[in-house]
Every structure is written in C-alpha cells, then in structure tokens.
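Take a look at the structure below.
Residue numbers run from 1 in the order of the sequence given.
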Amino acid sequence: MDIGALLTSAGINIAICVVLLSLYSILRKQPSNVSVYFMRRLISEPIKHSDPFRFERLVPSASWIVRAWQATNEEILAAGGVDALVFLRIVVFSIRVFIIAAMICVFLLLPVNYYGQEMQHKQIHSESLEVFTIGNVKEGSKWFWTHCLALYVISCSACVLLHFEYKNITKMRLAHITGSPVNPSHFTVLVRSIPCSQNHSYSKSVEDFFSTYYPASYVSHQMVYRAGRVEKLMKDAEKMYRMLKTIESQTKKSYMPCCLCGKSTHSFEALNNDAESVEIKTSSDELQPSQREKKDVQKIYRKLKTIETQNKMSSAPGCLCGGIMHYFKMLKKEAESVECKTSSDRSQPSQTDKERPAAFVFFRTRYAAIVAAQVLQSSNPMLWVTQLAPEPNDVYWSNLSIPYKQIWLRKIATLLGAIVFMFVFLAPVTFVQGLTQLDQLRQTFPFLKGILKQKFMNQLVTGYLPSVILMLFMYAVPPTMMLFSTIEGNVSHSERKKSAAIKVLYFTIWNVFFVNVLSGSIIRQLSVFSSVRDIPTQLAKAVPTQATFFTTYVLTSGWASLSCEVIQLFPLLCNGFRRFILRRQEGPCSNHALTFPHHTEIPRLLLFGLLGFTCSIMAPLILPFLLVYFFLAFLVYRNQILNVYVPKYESGGQFWPVVHNTTIFSLVLTQVIALGVFGIKRSPVASGFTIPLIFLTLLFNEYCRQRFSPVFKRSPAQVLIEMDKQDENWGRAEEIYKLLRTAYCQFPLLSLDLSTSQELSMAGNSGQNKDEGSSKDQESHNPDLNEIKLLS
C-alpha cells in the first residue's frame with residue numbers, strides 16, 4: 001500500500017466523521033430527540049421545555065465539544081460514577097503515553113526508517129508505506145540504537161503513568177467505599193447451594209444455620225424465589241402502564257362526550273378504580289401467580305386494548321354522570337392496591353417449592369458480612385457457598401436460580417464455545433487479508449483486473465475496504481460474548497459485563513492482531529506457532545508488513561465508530577419510529593435508558609493501545625492517527641457520560657486491573673517483537689539491551705499486583721471496622737436494618753421510573769385540564785418542575 005491509498009482511506013473517514021458530527025450537532029437541538037441525546041439529564045432532572053423554533057437549530061455548532069471539554073471530574077463523577085471516571089482515565093493515560101511515543105518516534109525514528117537504505121526515493125504521495133517502517137533499515141545498521149532508546153523511553157513512560165493511575169484509582173475506589181451513602185451490599189452475603197432438607201424449607205435452613213454459627217451478627221435473610229410467570233406479569237404490567245400513559249396524553253386534548261348527558265367523561269379514572277380493586281385482591285394472595293391473578297391481569301389487558309382502539313381517534317362514549325373519565329388514574333389505584341397486597345406477602349411465601357437454594361443474608365456490621373463471605377462455611381465446598389452480594393440494582397436475578405453445581409460446567413462450555421467462535425471467525429479475517437494482497441486478488445478473481453487498474457479503485461480496495469469489512473464482522477462479537485457471559489451464570493450485571501469485556505478483548509486481540517499479522521491460509525495460521533522459539537522471529541517479520549492495515553483499521557474502526565457512537569443511530573431510529581409512526585409521546589423512562597457499554601468500548605481502547613505500542617517503533621506513522629482517535633474519544637465519551645448513559649449500578653472501577661494487565665501484555669509483546677527484529681537485522685547491542693527491559697517490565701507488573709490489586713478483590717478490614725464504629729456512634733443501626741429489609745426486592749411491581757413518568761406527564765399537561773377539579777387536585781400535590789434550557 002502506498003501513501004495515496006492511506007490518504008484515500010483517511011479522506012473517506014474524515015468526511016464520514018465531519019458529516020456525522022455535524023448531523024449530531026443539529027439533531028441534538030431538536031425537541032423530539034431530547035430523549036435520545038439527553039436521557040440521563042431527563043431522568044435525573046425532571047424538566048419541561050418550551051423552546052420555540054429557531055433557525056439556529058438547523059445550523060451545526062461545536063457547543064457540545066466546549067461543554068464536554070470544560071466538564072470537571074466532579075461533574076463526571078456525579079453523572080456516571082466511579083466506573084465512568086475510571087474509563088476516562090484509560091483515555092487520558094493513552095493520550096499521555098502516545099504523545100510521548102509520537103514525539104520520539106515521529107521526529108527520531110521516522111527519518112531513520114525513511115533513509116535506512118541507499119535508494120532513489122519517489123515523491124511522497126507515491127512512496128510505499130514500507131519505506132517508513134523498520135523493515136527499510138538495512139541489516140547491521142548502527143542506527144538501531146535509536147529504536148532501542150525509543151523502546152526504553154516508551155516502556156518507562158508507560159510504567160510510570162500506569163503506577164500513577166493505579167495509585168489514584170485505588171484511592172478513588174477506597175473513597176467510594178467510605179464516602180458513599182450506606183450500601184446494603186456491604187452488609188449482605190449471597191448464599192448459594194443451600195442443602196435441601198425434607199423436614200423444613202430452605203428459608204428455615206438458612207435461619208437455623210446462621211443463627212447457630214453467627215448468633216451475634218446475623219440479622220435476617222431474604223430468599224430467592226422462582227421467577228417464571230410472576231416476572232413476566234410484572235413486565236406486562238409496566239408495558240400496560242406506559243401504554244395507558246400514552247393514551248392519556250393523546251386523549252387529554254380531546255374530550256369525549258357522555259352518551260346520555262352530553263358532558264365529557266373521565267374514562268381513565270374509571271379504569272383506575274378497577275385496577276385498585278385488583279391490587280387489593282392480589283395483595284391477599286401468595287407470591288406466585290394464581291388463577292385469580294391471571295384472570296385479573298387478563299381483564300385489565302382486555303380493557304386496555306379496548307380503550308386504546310376506542311380512544312385512538314377520541315371517539316369513545318363516556319359515563320352516565322358526565323365529566324372526562326381518566327382511565328389512567330383508576331389503573332394507578334389498582335396497581336397501588338396490587339403492590340400493597342403483594343408487598344405484605346413478599347417476605348413470607350407459603351410453599352417451599354417456590355424457594356430456590358439461594359438467599360441474601362443480612363448482618364449487623366460490614367466486617368461480619370465480609371468475614372462470612374470469605375470463610376469456608378462447610379466441610380463440603382460445594383455447599384453453603386458464600387460471596388459478598390452485589391448492589392441491589394446490580395443483581396441479575398434470573399441467574400440466581402441456576403444450581404451452583406452447574407456453574408463450573410457452564411464456564412467450561414462457554415469457554416469452549418468462545419474458542420470455537422474465535423476459530424470460526426478466521427474465515428472472514430482471512431478473506432479481509434486477501435483484499436490487501438493485490439496480486440493474489442487478481443489471480444483469484446481475473447475479472448477484477450480491469451477494475452483494479454483504475455488508481456482510485458485500487459486504493460479503495462486495498463486501503464479502505466478491508467478494514468470496513470472487518471469492522472462490520474466485528475459488530476457480531478459483543479452480543480455473542482455477552483450471551484456466553486450470561487450462560488456462565490454470573491449473578492450481577494457488572495460481573496456479566498466484565499466477563500463479556502474480557503472475552504471480547506481476547507477475541508479482538510487474537511483476530512484483529514495475531515490473525516492479521518500471520519495472515520494466509522488457516523493451516524498456516526494454526527501451524528505458525530509450531531515452535532515457541534520461532535514466535536519472535538515470525539512476529540518480527542510480519543508486524544512491519546501489516547502496520548499499514550492497522551493504520552487503516554484505526555481510521556475506520558476508530559474515527560468512524562466514535563462518530564456512530566455520538567449520533568446513537570439505533571436509539572435515534574427507535575425514537576423516530578415510536579414518535580412519528582406509532583404516535584407515542586412517552587415521557588422519560590429509565591427502562592429506555594442506556595448504560596455505558598464497557599464490554600465494547602474498553603476492548604476497543606485496549607486494542608488500539610496494543611496496536612500503538614507494537615507499531616510505535618516498527619511503523620511510527622500510525623501514531624498521529626491514533627492520537628487523533630484518543631483525543632476525539634476523550635470528547636465523545638465525556639459528552640455521552642454527561643448526557644446519555646444512565647448508571648444503574650456501580651462496580652467501583654473493577655475494570656482497571658484488566659486494563660493494567662492488558663497494557664503490560666502489550667508492552668511485553670512490543671519488546672519481544674523488537675527483540676526479534678533486532679535479531680533479524682543483526683543488531684546484537686540492541687538485542688542485548690532489550691532482554692533486561694522485558695524482565696524489568698514483568699517485575700513492575702508483579703509489584704503492582706502485590707501493591708494495588710488486592711484492593712480490587714477484597715475490601716480492607718480496617719476501613720470497614722472504622723465505618724461500623726462510625727455508624728454505631730451516630731446511632732444509625734435501626735436505619736440500616738430498615739434499609740436492608742427492603743433493599744433486595746425480587747418482584748417490585750412498579751418501579752420508581754413509573755411514578756416519575758407519571759409526575760412528568762401530569763406536570764406537562766397541567767395547563768390543559770382547567771375544567772376538571774380532580775386533575776387540579778392531583779397536580780397541586782406535585783412539586784414545581786424547574787424549567788431549564790436543554791437545547792442549544
């Protein structure tokens with residue numbers, strides 16, 4: 001590939017970025033897209049906006065870039081939590097280390113590589129990219145000391161910055177533990193594989209066990225129940241609730257006349273009373289759905305569908321006494337009665353077979369909980385398995401019902417499945433690499449000879465098309481790995497996402513780096529590592545030749561993916577379909593909110609870090625493009641964290657050890673490849689100085705593993721005991737016990753976002769119901785909503 005093909009790829013990607021970012025700056029100003037580009041602010045700050053049409057809405061602007069740049073760490077922490085701040089520290093670390101690498105490699109190594117051999121150089125735009133790599137330096141050259149020096153500077157800078165970040169993030173994690181409000185997970189232990197007894201239930205077994213062996217610290221427990229139909233009914237109820245809210249907003253503007261007296265009717269209010277009676281009946285039943293509950297829900301559903309079809313065009317008849325009927329208010333009362341009844345029976349189910357062999361056990365102090373979580377409870381390690389419970393919002397309830405004895409089998413099965421998927425993916429990667437080999441492409445497809453003779457098509461096929469095809473194939477990887485992580489049996493959303501991130505990371509490093517470097521037939525890819533001692537030599541020969549492909553991959557998968565990230569294409573299409581096709585004007589709802597996709601973005605950052613390290617001294621031309629990506633990522637991710645993504649749980653920066661280990665792997669891999677290159681180029685001095693650097697890097701990693709890594713695995717007893725003493729001095733014991741009783745609720749009927757959505761709906765329509773006293777009464781109880789200006 002020559003410079004012209006690289007510039008073609010860069011030009012196409014720059015044009016895509018400019019178009020998408022300009023389009024985003026326009027779309028974010030439209031009121032109909034507020035729920036797409038400002039979902040976090042809508043949920044955290046209940047607002048109403050009345051922004052008249054202005055011509056400025058149709059003009060692109062860079063105001064969002066300024067706001068993202070000016071945001072402080074405190075604002076990021078308040079908006080996205082510790083996980084968001086740690087993620088941005090990854091970007092900041094990458095910017096710092098690659099600024100150092102770009103300065104020394106571009107200004108020192110690039111001229112050495114370009115003039116490494118005595119040859120007649122062409123014009124710059126016609127030069128092959130290989131003349132800018134280390135492969136252009138002749139064997140036995142005395143200038144290899146510059147590459148060795150650059151390797152030392154990059155490695156030492158990366159280690160110093162890693163130590164700095166690891167130290168700060170560890171302090172940040174400890175500050176999060178000590179400074180955050182009372183966290184129920186600190187007092188709670190998840191117990192699995194509870195032994196079955198014929199004499200009493202699982203709940204009784206848990207109570208007897210912990211009352212006997214932890215009499216001073218045991219408080220109570222909450223059993224895990226079979227989800228099944230109850231969970232489905234809850235989801236159906238939420239869907240019906242939102243549908244009624246949509247119908248209400250559509251029918252409030254048009255009053256329906258009563259069939260007898262001619263006055264308008266409160267149809268929604270009548271349905272609300274019916275729903276209230278259903279709640280009262282359900283609250284006296286057991287936790288599991290009975291035939292009566294199923295009939296009641298079906299009855300409400302039939303009423304709902306009837307109302308929806310009748311009121312769509314505002315033509316349904318009203319009641320006898322007159323007035324507008326608010327079906328929506330009546331359904332709310334029904335839902336409240338169902339919730340009251342179910343909440344009274346939630347803690348005391350009557351049938352043993354509803355219980356699962358898992359429970360949340362609550363302790364009086366944090367220290368007692370962590371001791372119980374880390375101690376082996378039984379002589380049989382497969383019984384009474386304990387671990388610290390995840391946060392209430394982080395619990396992945398469906399996996400708690402999986403028998404613990406299946407977990408190890410599931411992990412082996414998902415590991416094998418991931419490996420099979422990884423090798424199946426060799427076919428598209430091999431095809432992509434075939435596009436970069438122009439001679440092989442002409443031999444395989446003779447009919448393309450005429451097309452490939454055209455200069456632009458030649459540059460397009462070799463410079464842009466391969467990275468685009470590989471990027472499209474890579475979109476199937478994160479959902480597949482998330483499925484594997486779910487099957488594994490992880491009991492929390494954060495563990496599931498972390499497991500998926502690790503799988504995606506291994507997959508991308510193997511397929512994007514190693515398979516592309518060792519391109520060729522699948523048999524060659526499998527047999528290239530037949531001898532371990534040949535690994536450095538093989539990598540040293542292959543990496544400089546594939547550096548051009550990695551550069552175009554950074555342009556395509558980096559720059560273009562950030563533009564797609566900021567424009568939120570799929571949520572934008574869903575919002576347009578919901579608003580303009582289905583005609584649903586729904587308020588902000590946390591169920592529609594997105595959480596930050598750590599399992600896709602962290603592997604991408606670490607992959608580009610790997611490419612930057614390995615190509616820094618081999619092909620320094622990649623570094624400017626990589627720096628542009630990290631600077632753009634810094635702005636885009638800050639904007640998304642501040643406005644779009646809603647943190648539903650907090651892991652306290654659990655991703656950072658993965659980032660640290662991957663960065664160390666990238667450094668060691670870079671040093672091994674450099675050792676192989678120096679050996680091939682017959683530079684014994686450079687090779688001799690590289691070997692100690694490898695051992696020093698591994699020694700630094702061991703120090704960090706001993707010094708910082710344990711804090712991310714276990715909470716320090718000193719900190720927990722001090723927090724327990726502080727709670728005791730402040731007399732917060734009873735408050736904590738009350739919080740524990742309601743923290744881990746497996747079947748909440750109505751989530752908080754529903755009530756929030758209702759308040760927003762009533763506040764937004766407060767000016768439309770002046771004739772109805774009941775509407776005024778409800779609206780008078782709502783706090784005034786501050787009007788802020790979102791769109792600019």
Side-chain angles (χ1 to χ4, degrees), residues 77-78 81-83 85-86 167-192 194 203 206-224 347 358-378 384-395 491-492 494-495 647 649-654 656-657 707-745:
L77 187 63
V82 177
D83 289 336
L85 194 56
V86 170
K167 183 178 179 180
N168 287 342
I169 292 173
T170 302
K171 292 181 179 179
M172 194 186 308
R173 175 175 172 81
L174 293 176
H176 167 70
I177 295 175
T178 57
S180 59
V182 176
N183 192 340
S185 63
H186 293 169
F187 298 86
T188 309
V189 171
L190 174 61
V191 183
R192 307 177 72 184
I194 302 171
S203 180
V206 173
E207 182 178 1
D208 293 343
F209 182 87
F210 286 95
S211 298
T212 302
Y213 298 106
Y214 297 89
S217 57
Y218 168 71
V219 176
S220 63
H221 67 277
Q222 170 68 52
M223 295 302 301
V224 176
S347 59
F360 292 96
V361 181
F362 309 121
F363 291 85
R364 298 185 184 277
T365 62
R366 300 173 180 85
Y367 180 72
I370 198 170
V371 169
Q374 296 179 3
V375 171
L376 193 63
Q377 303 296 331
S378 171
W384 297 104
V385 181
T386 56
Q387 67 179 82
L388 276 179
E391 293 184 1
N393 293 332
D394 194 16
V395 178
V491 296
S492 66
S494 58
E495 287 182 1
Y649 47 84
E650 182 68 71
S651 70
Q654 285 285 355
W656 181 255
R707 171 62 179 86
F708 302 115
S709 182
V711 179
F712 291 82
K713 298 178 181 178
R714 298 182 299 273
S715 299
Q718 178 185 6
V719 174
L720 299 179
I721 293 174
E722 289 178 357
M723 295 174 66
D724 291 333
K725 289 182 178 179
Q726 190 177 29
D727 291 339
E728 184 179 357
N729 295 334
W730 289 357
R732 302 172 61 181
E734 290 299 327
E735 176 186 350
I736 293 173
Y737 298 158
K738 290 181 181 179
L739 177 64
L740 293 177
R741 294 190 191 101
T742 59
Y744 291 89
C745 178

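Using modelled atom types, one side-chain atom of Arg173 and one backbone atom of Gly652 make a donor-acceptor pair closer than 3.5 Å. The backbone N or O of Ala372 sits less than 3.5 Å from a side-chain atom of Thr386, completing a donor-acceptor pair. Judged by distance alone, the side chain of Glu650 and the main-chain N or O of Asp83 form a donor-acceptor pair under 3.5 Å. No side-chain donor-acceptor contact under 3.5 Å links Asp394 to the backbone of Ser492. A donor-acceptor pair is defined here as one N or O able to donate and one able to accept, closer than 3.5 Å; no such pair exists between the side chain of Gln222 and the backbone of Arg741. Looking at Gln377, its side chain does come within 3.5 Å of a backbone N or O of Val375 through a donor-acceptor pair. A distance-only check finds no donor-acceptor pair linking the side chain of Asn393 to the backbone of Tyr649 [under 3.5 Å].
Heavy atoms from other residues, nucleotides or ligands lying under 6.0 Å from CD of Glu728 number 12 at most.
The CZ atom of Arg714 lies 12.0 Å from the CG atom of Leu720; values are rounded to the nearest 0.5 Å. Atom CD of Glu734 and atom NZ of Lys738 lie 7.0 Å apart (nearest 0.5 Å). In this structure, the separation between CD1 on Ile736 and CG on Asp724 is 8.0 Å, given to the nearest 0.5 Å. Atoms NE2 and CZ, on His221 and Phe362 in that order, are 9.0 Å from each other to the nearest 0.5 Å. Atom OG of Ser220 sits about 10.0 Å away from atom OH of Tyr737, to the nearest 0.5 Å.
Note on ring orientation: taking the six-membered ring where Trp is involved, the planes of Phe209 and Tyr213 are tilted (angle from 30° to 60°). Using cut-offs of 30° and 60° on the angle between ring planes, the pair Phe363 and Phe210 is perpendicular.
Using a 4.5 Å heavy-atom cutoff, the side chains of Glu722 and Gln718 are in contact. Side-chain contact between Pro392 and Thr188 is absent, with no heavy-atom pair separated by less than 4.5 Å. For the pair Ile194 and Trp384, the minimum side-chain heavy-atom distance is below 4.5 Å. Within the 4.5 Å cutoff, no side-chain heavy atoms of Val385 are placed close to those of Val191. The shortest distance between side-chain heavy atoms of Arg366 and Phe187 falls below 4.5 Å. Residues Met723 and Ile177 are in side-chain contact: their nearest non-hydrogen atoms beyond the backbone lie under 4.5 Å apart.
Taking each heavy atom of Ser185 and Tyr744 in turn, the nearest pair found is CA-OH, 3.3 Å. Closest of all the heavy-atom pairs between Ala369 and His186 is CB-O, 3.4 Å. Residues Val395 and Pro390 share a closest heavy-atom pair of CG2-CG, 3.8 Å. Of all non-hydrogen atoms in Arg364 and Val219, the two that sit nearest each other are CG-CG2, 3.4 Å. Here the closest heavy-atom approach between residue Gln387 and residue Ala373 is recorded as C-CB, 3.7 Å. Of all non-hydrogen atoms in Phe712 and Ile169, the two that sit nearest each other are CZ-CG2, 3.8 Å.
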